[in-house]
There are 2 protein chains.
Amino acid sequence: MYAQQIVAVAPTTAAAVFPLHAPAVEGGLPMDVGQVMHFARGAEIFGQGEKADCLYRVVSGWVRTYRILRDGRRQIEGFHLAGEYFGIEGGATHRSAAEALGAATVQVVRRSTLNELAARRGDVAATLFHLAMLGLQRSREHIAMLSHKTACERVAGFLLDMAERADAAKGFELPMSRQDIADYLSLTIETVSRTLSQLQADGLIDIPRSRNIVLRDREALEDMCE
Amino acid sequence: MYAQQIVAVAPTTAAAVFPLHAPAVEGGLPMDVGQVMHFARGAEIFGQGEKADCLYRVVSGWVRTYRILRDGRRQIEGFHLAGEYFGIEGGATHRSAAEALGAATVQVVRRSTLNELAARRGDVAATLFHLAMLGLQRSREHIAMLSHKTACERVAGFLLDMAERADAAKGFELPMSRQDIADYLSLTIETVSRTLSQLQADGLIDIPRSRNIVLRDREALEDMCE
DNA sequence: CGAGATTTTGAAACCATTCAAGCGAGGTGG
DNA sequence: CCACCTCGCTTGAATGGTTTCAAAATCTCG
């Protein structure tokens, strides 16, 4: 029953199944599959160790994915905003958990649906592969950050990243707590706070309210991340 | 021209293209594609920034993959031994470089070959996806290690990992230098050396020669990695 | 306005780094 | 064969940045 469809797309998608150096995949997954769910602030979207049945995509709001390590510490893997995917796993269970930072809506697609879709449509398979590679790239950036950067460099880089993703020229709102930032950067909450205060004292940023950041000297911040 | 072959495998591979929770893929890639190349100790297999045209698989020996960071430091992403794949990239260029640790032989497969193969054979596409996810998992383990582990925990964990991969009950030979270990664990060479000495002084390991390690108290080492 | 949570600030302790020197094995040339 | 050199590794002492522990300040929400 699938054969017809497969024949139809076969020749053009031959190279797309493993598009290691394909141009950025346009669009993303089809929007008409899966269901949209709403989550309240702090609500768990999926838990560490749960069966990984679905793939997720942020529709609005922010989501954090994290792991609880053996020593009880929480390692935040990433913050995801509208349009970004999360919950991709290699194994049968989620290695990390996901929670809504504030109120958030999330598109949830069953893996079985994706499997079928990917089998029929080369562009979907390509997108899925692309997403996995994107995750790998981010992960490696994270390693580079953790390996030898000082607290100051980490915080500065984080602020620039947030500003860019929030598409803000100068001022923007942080959707996460200091503890979240600390667990993402692998610092303590005190060090994050101290570093932000220092950056403000140096005139690089301004902090009107604790979750509101204004970039005063973007260039200096960028130099810092070198 | 490919249509016939695709029709042939379509129904059974429908779920294999995106096998997020498929059982471990058996075997790996076909062995009859690509060519086998030999590299001398320290020889570059591919460089950072080069076009990522191929996928690689260690046939014998050890390979290290690494990145040079903006500050000039070297971050070793991993050590790869026989049977393991490396060189998978999301983009058009290699984000990391690869070198032979000692003399090594490596199977090199062109991406174009893989693309064609993956388009025809669902199990190949599945294996490629599986490899990407495996890399992601390793990457996240690396992050967990870097985030809050002490030098002692890192070195102990590294030794256990090496012992396991070398399939050694107790004693084994380290294929890499102290500098390599340091760049992998994000420590300095001095700290690695000191930590190894300390572990020996505590009776957990023995170091007959600098590259030869004997695990004396595996349990204590494992406790340390908690 | 009051209570709890979040954030900031301070001081002391700790761990890895840095800078510097010593050790030891392997290789070369006299 | 031994002196010598080099390179990788080890060890020591001092420095410095982050953490830890503690407390004050600020914000948020009922």
Side-chain angles (χ1 to χ4, degrees), chain A residues 40-42 64 69 71-76 99 101-103 145-159 173-202 205-214 224-225, chain B residues 41-42 64 69 71-76 99 101-102 145-159 173-202 205-213 224:
Chain A
R41 180 195 135 117
R64 66 173 166 242
L69 307 178
D71 63 354
R73 288 179 190 269
R74 182 183 68 159
Q75 172 63 45
I76 290 191
E99 287 176 359
L101 272 177
M145 186 269 287
L146 293 177
S147 49
H148 286 294
K149 289 207 174 171
T150 65
C152 207
E153 293 166 342
R154 294 182 196 195
V155 171
F158 178 75
L159 293 180
E173 204 75 18
L174 287 174
M176 70 290 288
S177 70
R178 296 287 189 270
Q179 187 65 63
D180 286 331
I181 299 175
D183 289 347
Y184 178 67
L185 300 178
S186 287
L187 297 170
T188 59
I189 183 175
E190 294 96 330
T191 300
V192 171
S193 181
R194 253 187 275 272
T195 306
L196 285 169
S197 300
Q198 189 58 48
L199 288 174
Q200 184 174 31
D202 294 348
I205 63 173
D206 200 31
I207 314 177
R209 281 168 299 109
S210 75
R211 297 229 178 164
N212 193 306
I213 304 287
V214 179
M224 194 160 268
C225 302
Chain B
R41 179 195 136 115
R64 65 173 166 242
L69 307 179
D71 64 352
R73 288 179 190 270
R74 183 183 66 161
Q75 173 64 47
I76 290 191
E99 288 176 359
L101 272 178
M145 186 269 286
L146 293 177
S147 49
H148 286 294
K149 290 207 173 170
T150 64
C152 206
E153 293 165 342
R154 295 182 196 195
V155 171
F158 177 76
L159 292 180
E173 204 74 20
L174 287 175
M176 71 289 288
S177 71
R178 296 288 189 268
Q179 186 65 61
D180 286 331
I181 299 175
D183 290 346
Y184 178 67
L185 300 178
S186 286
L187 297 171
T188 59
I189 182 175
E190 295 96 330
T191 301
V192 170
S193 182
R194 253 186 275 273
T195 306
L196 285 169
S197 299
Q198 189 58 49
L199 287 174
Q200 183 174 32
D202 294 347
I205 64 174
D206 201 31
I207 314 177
R209 282 166 300 109
S210 74
R211 299 234 178 158
N212 193 305
I213 304 288
M224 194 158 269

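Naming convention: chains lettered A, B, ... in sequence-line order (proteins, then strands); numbering from 1 in each chain.
Residue contacts for A:R211: at a heavy-atom cut-off of 4.0 Å it reaches the sugar-phosphate backbone alone, with no base atom in range. Base engagement by A:S193 is indicated by at least one non-hydrogen atom pair under 4.0 Å involving a base atom.
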Working note: B:E153 + B:M145, criterion side-chain contact (heavy atoms from CB on, under 4.5 Å); need CA distance, chi angles, decisive distance, verdict. CA-CA 9 Å; B:E153 293 165 342; B:M145 186 269 286; over 6 Å; no
What do the steps show when you test A:I207 against A:I213 for side-chain contact (heavy atoms from CB on, under 4.5 Å), and what is the final call? CA-CA 5 Å; A:I207 314 177; A:I213 304 287; 4.2 Å; yes
Where do A:D180 and A:L101 land on the side-chain contact (heavy atoms from CB on, under 4.5 Å) test, with the steps shown first? CA-CA 10 Å; A:D180 286 331; A:L101 272 177; 3.6 Å; yes
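One can place CG of B:L174 at 13 Å from C1' of D:dC9, the figure rounded to the nearest angstrom. Atoms CG (A:N212) and C1' (C:dT6) sit 16 Å apart, rounded to a whole Å. Rounded to an integer number of Å, the gap from CG of A:L199 to C1' of C:dT7 is 16 Å. Computed from coordinates, the A:I207 CD1 to C:dT6 C1' distance equals 14 Å when rounded to whole Å. In this structure, CE of A:M176 is placed 16 Å from C1' of C:dT7, rounded to the nearest angstrom. In this structure, B:L101 places its CG atom 15 Å from C1' of D:dG8, rounding to the nearest Å. As rounded to whole Å, 18 Å separates atom P of C:dG22 from atom CD1 of B:I189.
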For nucleotides 16-30 of chain D, read 5' to 3', which letter fits each nucleotide if B means a protein heavy atom sits under 4.0 Å from the base, S means only the sugar-phosphate is that close, and - means neither? --SBBB---------
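Side chain to side chain, A:Q200 and A:D206 meet the donor-acceptor criterion of an N or O pair below 3.5 Å.
At distances below 3.5 Å, not a single donor-acceptor pair connects side-chain atoms of A:S193 with backbone N or O atoms of A:I189.
Using a cut-off of 4.0 Å between Lys/Arg side-chain N and Asp/Glu carboxylate O, A:E99 and A:R64 are scored as salt-bridged.
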